[in-house]
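As the structure is a prediction and not an experimental result, all values here were calculated from the model.
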Amino acid sequence: PHLSTFHGDFQTCKVQGAWPLVKNKFLLVQVTNDPVTGESSATATSKLTVVIKKNQDCAIEPYLMYQAQTDALPGAFHDGHTHYGPHKAVELLEIEEGKHVEIHIRYIATTIVVRQIGRYFTFAIKMPEEIVNSTKGDSNSGLCDRGCPAHERINYQEYLATRHKKIDNLKEDSAIKVQMPRSDAEGICREAKVVDFYFDSCVFDLMTTGDKNFTLAALSALQDIIKLDPSIVNSQLNRTDFRKYDKTFGN
Amino acid sequence: CDIDTCAKQFQRLQSVENGVMGPDKECITLRTYWNCIKKKVRDCKGDLNYLTVRTGVKNRMGQNNCSKNGRTLGPEDEKTSVPTIPSVCSYHGKKVYKHCGLFGD
């Protein structure tokens with residue numbers, strides 16, 4: 001999947017299996033990434049678990065769990081509650097049944113957004129910098145803080161720059177096959193109005209899987225992050241081409 | 001229309017939470033059942049068994065004064081004033097935020 005970290009890094013990773021995304025004294029978010037069906041070796045998130053740790057004063061005991069799996073995005077926590085504590089200190093909102101939920105943890109001013117698009121999940125979180133920084137450098141803190149391990153990363157810029165020229169020669173390359181030509185993918189992603197890293201991700205996903213659900217996933221991910229932090233719009237470059245990558249990796 | 005999975009989930013929850021959850025237990029398990037049933041509406045439209053189960057659960061929730069949004073209503077509810085939010089349940093740190101996202105393949 002594609003990861004935008006708390007520290008502004010953008011990565012495309014393999015991370016197959018179970019990985020922690022966020023891990024601190026208040027919260028644990030873990031995802032499971034499975035191979036995408038079909039011929040592609042790509043993986044995507046098929047299971048997501050949020051564990052809100054004990055907080056006696058705000059009515060969570062001994063912990064509170066939310067779990068979503070493909071085709072089961074519940075509108076409640078595991079015990080059937082949708083909110084806990086005084087003035088809904090913790091609240092789960094079902095925005096669209098089976099497709100979109102939000103979890104608000106008010107005593108740590110944190111919002112989590114989970115969507116199911118196609119068979120896979122998108123995840124977004126907004127958390128105070130103080131809490132994020134409390135685990136900085138901790139080797140167990142999760143992908144959102146540390147990014148993906150180096151050996152799990154895919155150089156998506158190189159992939160985007162080089163694969164589109166080699167479509168005819170890729171049959172023997174079983175690692176990452178191209179399911180859609182880059183030019184077609186670019187057209188679809190431009191039309192979807194995704195930009196910058198989300199444009200890269202959109203084109204990458206179409207090229208690797210051919211599944212247009214990932215276009216919507218990239219668009220939703222961008223919209224969610226803008227909703228969580230509207231100021232992000234100011235830092236957008238609105239880039240929808242790969243000239244920079246072609247120049248760097250084209251040869 | 002696979003309504004049986006909801007019934008099984010309900011029974012499992014009843015057995016697991018037996019004696020653990022206190023007075024809200026019945027409502028919590030019923031609410032979980034109700035949420036599961038709600039999700040089947042598209043597949044079960046017009047299914048008689050589905051409608052029967054849904055009505056049954058709705059009636060039981062009504063009998064137990066269970067709300068559908070996660071709060072058990074009681075006679076004291078109207079009398080109680082709005083509680084003050086405990087200080088520990090509000091965030092007092094700096095309102096500077098970080099963001100993280102995971103999506104796609």
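Within 6.0 Å of atom NZ in A:K53, more than 12 heavy atoms from other residues, nucleotides or ligands are found, so the atom counts as buried in its surroundings. Residue-environment remark: NZ (B:K40) exceeds the threshold of 12 foreign heavy atoms within 6.0 Å.
Using modelled atom types and a 3.5 Å distance limit, the side chains of A:E130 and B:Y97 yield no donor-acceptor pair. B:T32 and A:D79 share no side-chain donor-acceptor pair at under 3.5 Å.
Across A:I108 and B:Y91, no two heavy atoms sit closer than the pair CA-CD1, 3.8 Å. Between B:H99 and A:L228, the closest heavy-atom pair is NE2-O, 3.6 Å. Taking each heavy atom of B:K39 and A:G75 in turn, the nearest pair found is NZ-N, 3.2 Å.
Interface remark: A:L73 contributes backbone atoms only to the contact with chain B (heavy atom separation under 4.5 Å). Proximity to chain A (any heavy atom under 4.5 Å) is shown, for B:K95, by neither the backbone nor the side chain. The part of A:L21 that comes within reach of chain B is its side chain, from C-beta onward, which places non-hydrogen atoms under 4.5 angstrom from that chain. At a 4.5 Å heavy-atom cutoff, the contact between A:F197 and chain B is made by side-chain atoms alone. Looking at A:V31, the atoms closer than 4.5 Å to chain B (heavy atoms on both sides) all sit in the side chain, from C-beta outward. Proximity to chain B (any heavy atom under 4.5 Å) is shown, for A:Q11, by neither the backbone nor the side chain.
Expressed to the nearest 0.5 Å, how far CG of B:D105 lies from CG of A:D205 amounts to 4.0 Å. To the nearest 0.5 Å, atom OG of residue B:S90 and atom CZ of residue A:R106 are 10.5 Å apart.
Ranking A:T12, A:I125, A:L3 against chain B, the residue ahead of the rest is A:I125, based on heavy-atom pairs under 4.5 Å. When each of B:C100, B:G101, B:G104 is scored by its heavy-atom pairs under 4.5 Å with chain A, the top score falls to B:C100. Chain B forms more heavy-atom pairs under 4.5 Å with one residue of A:A89, A:A109, A:G118, A:G8 than with any other, namely A:A109. The residue among A:A217, A:P1, A:A44, A:A124 with the most heavy atom pairs within less than 4.5 Å of chain B is A:P1. Of all the listed residues (A:D229, A:T5, A:T45, A:L216), the one sharing the greatest number of non-hydrogen pairs under 4.5 Å with chain B is A:D229.
For the ring pair (Phe, Tyr, Trp, His ring centres under 6.0 Å) with B:F103, the qualifying choice from A:F121, A:F10, A:F204, A:Y198 is A:Y198, the only one to do so.
A salt bridge between B:K98 and A:E129 is present, with a side-chain N of the basic residue lying under 4.0 Å from a carboxylate O of the acidic one.
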message: If you apply the rule side-chain contact (heavy atoms from CB on, under 4.5 Å), what do you find for B:L102 with A:T122, and how did you get there?
response: CA-CA 6 Å; B:L102 185 80; A:T122 69; over 6 Å; no

